[in-house]
Asker: 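Structure below; questions to follow.
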Amino acid sequence: MLTSLPNLLTLSRIALIPVILALLWFPATWTAWTAAGLFALAGITDYFDGYLARAWHEESIIGRFLDPIADKLLVAAVLFLLVADHKIAGHAVLPAVIILLREVMVSGLREFLAGLRVGVPVSRLAKWKTAIQLMAIGWLIVGDHGPDWLYVRPIGEVGLWAAAVLTLITGWDYLRAGLRHMLAPVGAPTQVEPAAPKAPAATPVRTGA
């Protein structure tokens, strides 16, 4: 159901992307803080859309499709613009690249495993990675427009490095889970997760790794 509240929250996260980018395009204190507030709002919807979908038993295939796409579009678009605007510069560009490469790898891996009907659950560490990543990007959006005593940009850069480290760990976990299926001989049976004999097909679970 595209009009269910969880799916509407996911769609609102996608709709916020051009607004945030437009605000970042104009270098001013009020635009930076407004963009950071909208980015924080988008991060909150990332939590509540999945929570409400599970609580109200409104998981859907369209929600499962849109949720990770919304997350990756939001993070990738903002990171690209922050690098272009030099709010992420120097060595801090490296963790941004790591995060983007991981998102591409996991997207491809999930698509491959979906073709084998193999599910890869989101780990608690991956959820922490997402939370730290969103908070770090929010600080970097404000950047030099924050008060001098708060060290906004350094805090954001440290958070981005922490998210990159967790990105490498969780990315390896996903890759290791998929390698056994990738390296299996052609025609070999694959393990379907979750497997429940003589039970109805599992309802898709919305994830946002």
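Residue numbers count from 1 along this sequence. Values reported hereafter were calculated over all heavy atoms of this structure, with side chains retained and with hydrogens, waters and symmetry mates removed.
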Asker: So, for Gly156 and Trp139, which heavy atoms are closest and what is the spacing to 0.1 Å?
Answerer: CA-CB, 3.8 Å
Asker: Do you know the tightest heavy-atom contact between Leu134 and Phe39?
Answerer: O-CE2, 3.2 Å
Asker: Could you give the distance from CD1 (Ile132) to CG (Leu166), rounded to the nearest 0.5 Å?
Answerer: 5.0 Å
Asker: Look up atom OG1 in Thr130 and atom CE in Met135, then write down how far apart they are to the nearest 0.5 Å.
Answerer: 10.5 Å
Asker: Atom OG1 in Thr45, atom CG in Leu9: separation rounded to 0.5 Å?
Answerer: 6.0 Å
Asker: Do Ile99 and Ile169 belong together in a cluster built from hydrophobic side chains that touch within less than 4.5 Å?
Answerer: no
Asker: Please enumerate all residues that pass salt bridge (Lys or Arg N to Asp or Glu O under 4.0 Å) together with Asp85, with sequence neighbours excluded.
Answerer: none
Asker: Is there a path from Leu21 to Phe80 through hydrophobic residues (I, L, V, M, F, W, Y) whose side chains come within less than 4.5 Å of each other?
Answerer: yes
Asker: What distance do Leu8 atom CG and Leu52 atom CG have between them, rounded to the nearest 0.5 Å?
Answerer: 11.0 Å
Asker: Consider only side-chain heavy atoms of I, L, V, M, F, W and Y, link residues closer than 4.5 Å, and tell whether Leu82 and Val93 are in one cluster.
Answerer: yes
Asker: Taking all heavy atoms of Ser107 and all of Lys72, pick out the closest pair and write down the distance.
Answerer: OG-CE, 3.0 Å
Asker: Do you reckon Ile69 sits in the same ILVMFWY cluster as Val75, going by side-chain contacts under 4.5 Å, direct or chained?
Answerer: yes
Asker: Can you get from Leu73 to Val104 by hopping between Ile, Leu, Val, Met, Phe, Trp and Tyr side chains that sit under 4.5 Å apart?
Answerer: no
Asker: Rounded to the nearest 0.5 Å, what separation is found between the CG atom of Leu175 and the OG1 atom of Thr170?
Answerer: 11.5 Å
Asker: My understanding is that only one of Val142, Leu24, Val78 makes a side-chain contact (heavy atoms from CB on, under 4.5 Å) with Lys87; could you say which?
Answerer: Leu24
Asker: Just to verify, which of Ile137, Leu74, Leu140 counts as forming a side-chain contact (heavy atoms from CB on, under 4.5 Å) with Leu79?
Answerer: Ile137
Asker: How would you list all residue pairs meeting salt bridge (Lys or Arg N to Asp or Glu O under 4.0 Å) that involve residues 15-40, not counting sequence neighbours?
Answerer: none
Asker: Drop me the distance from Asp67's CG to Leu11's CG, to the nearest 0.5 angstrom.
Answerer: 10.5 Å
Asker: What is the minimum heavy-atom distance between Arg153 and His86, and which atoms define it?
Answerer: NH2-O, 3.4 Å
Asker: Is it the case that Arg102 and Thr167 place a side-chain donor and acceptor less than 3.5 Å from each other?
Answerer: no
Asker: Considering only Ile, Leu, Val, Met, Phe, Trp and Tyr, and joining two whenever side-chain heavy atoms are under 4.5 Å apart, list the other residues clustered with Leu168.
Answerer: Leu94, Ile98, Trp161
Asker: Please identify each residue that fulfils salt bridge (Lys or Arg N to Asp or Glu O under 4.0 Å) with Arg124, with sequence neighbours left out.
Answerer: none
Asker: Quick one: side-chain contact (heavy atoms from CB on, under 4.5 Å) partners of Leu101, sequence neighbours excluded?
Answerer: Val97
Asker: Side-chain donor-acceptor pairs under 3.5 Å in residues 25-38, sequence neighbours left out?
Answerer:
unit_1, atom_1, unit_2, atom_2, d
Thr29, OG1, His145, ND1, 3.3
Thr31, OG1, Phe26, O, 2.6
Thr31, OG1, Ala28, N, 3.2
Thr31, OG1, Ala28, O, 2.8
Trp33, NE1, His145, O, 3.4
Thr34, OG1, Trp30, O, 2.6

